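Some notes on the structure that comes next.
In what follows, chains carry the letters A, B, and so on, assigned in the order in which the sequence lines appear, proteins first and then strands, with residues in each chain numbered from 1. Just so we're clear, the structure is a prediction, and the values are computed from it rather than from any experiment.
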Amino acid sequence: MSKTSSAAQNFWLMKSEPDVFSLHDLVGRPGQRELWDGVRNYQARNFMMNEMKVGDLVLFYHSNAEPSGVAGVAEIIEPARPDPSAWDKKSEYFDPKSTPENPRWYCVTVGKPRPFKSFISLEELRQHAELKDMLVLRKGQRLSIQPVTPAEFECVVSLGMKK
DNA sequence: GCCAACGTTGGC
DNA sequence: GCCAACGTTGGC
């Protein structure tokens with residue numbers, strides 16, 4: 001398959017608690033890559049399974065943080081595969097309803113971390129009219145993987161690349 | 001630590 | 001298939 005046959009690139013926002021796994025942690029991982037395991041929400045899983053493609057770009061969002069906000073960009077470097085943590089009894093993500101024969105949960109691999117020059121806090125995101133429809137700014141929006149429009153993505157990246 | 005908003009579970 | 005109870009998320 002040639003690359004040009006694939007559908008257009010998509011843009012995403014993925015949440016992580018920096019106390020658990022930060023963008024800086026991704027920078028420090030061997031190969032600067034990590035399996036995005038532990039997602040236990042069907043909507044987020046479906047985005048990974050059905051819509052994420054290798055080469056899609058991600059706003060790496062720090063949630064439950066001081067402050068919360070976008071730390072930088074990363075990239076989907078491997079497509080979704082069954083989440084092995086679901087059948088690991090020692091994992092906090094263990095789910096007895098998921099088995100290797102019949103996996104319930106999937107995870108992509110994220111890599112190529114590119115931290116912003118300046119961290120873009122939630123408060124700053126709210127100050128830009130072009131970003132007012134971003135799901136992450138919506139009250140009660142808890143989805144850990146969210147689609148982002150190309151315009152929103154570009155806007156946040158240009159903010160982050162400024163000093 | 002509080003708590004509003006949301007997703008999931010399970011009894012019926 | 002409804003919906004109350006429960007657990008979780010995540011900003012504050």
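Atom OH in A:Y42 sits about 16 Å away from atom C1' in B:dC6, given to the nearest Å. Between the CG atom of A:N46 and the P atom of B:dG7 there is a distance of 13 Å, rounded to whole Å. Between A:Q43 atom CD and C:dT9 atom P there is a gap of 15 Å when expressed in whole angstrom units. With rounding to whole Å, A:N64 atom CG is found 17 Å from B:dA5 atom P. A:E17 places its CD atom 15 Å from the C1' atom of C:dC12, with the value rounded to the nearest Å. Spacing between atom CG of A:L125 and atom C1' of C:dG11 amounts to 13 Å, rounded to whole angstrom units. With rounding to whole Å, A:K15 atom NZ is found 11 Å from B:dG7 atom P. The distance from atom CG of A:L13 to atom P of C:dG10 is 10 Å, rounded to the nearest whole Å.
Interatomic distance, CZ of A:R138 versus CG of A:D133, reported as 7.0 Å (0.5 Å rounding). To the nearest 0.5 angstrom, A:F60 atom CZ is 5.0 Å from A:L23 atom CG.
Side-chain atoms of A:D25 and A:S22 include a donor-acceptor pair closer than 3.5 Å.
Distances were taken from every side-chain heavy atom of A:K97 (C-beta onward) to each of B:dG7, C:dG10, B:dT9; the shortest belongs to B:dT9.
Within residues 132-142 of chain A, the residues having any heavy atom under 4.0 Å from DNA chain C are, by residue number, A:R142.
Taking 4.0 Å as the cut-off between side-chain N and carboxylate O, A:D83 and A:R40 count as a salt-bridged pair. In this structure, A:E75 does not pair ionically with A:R114, as no charged nitrogen and carboxylate oxygen lie closer than 4.0 Å.
Side-chain atoms of A:K15 do not come within 3.5 Å of backbone N or O of A:S63 as any donor-acceptor pair.
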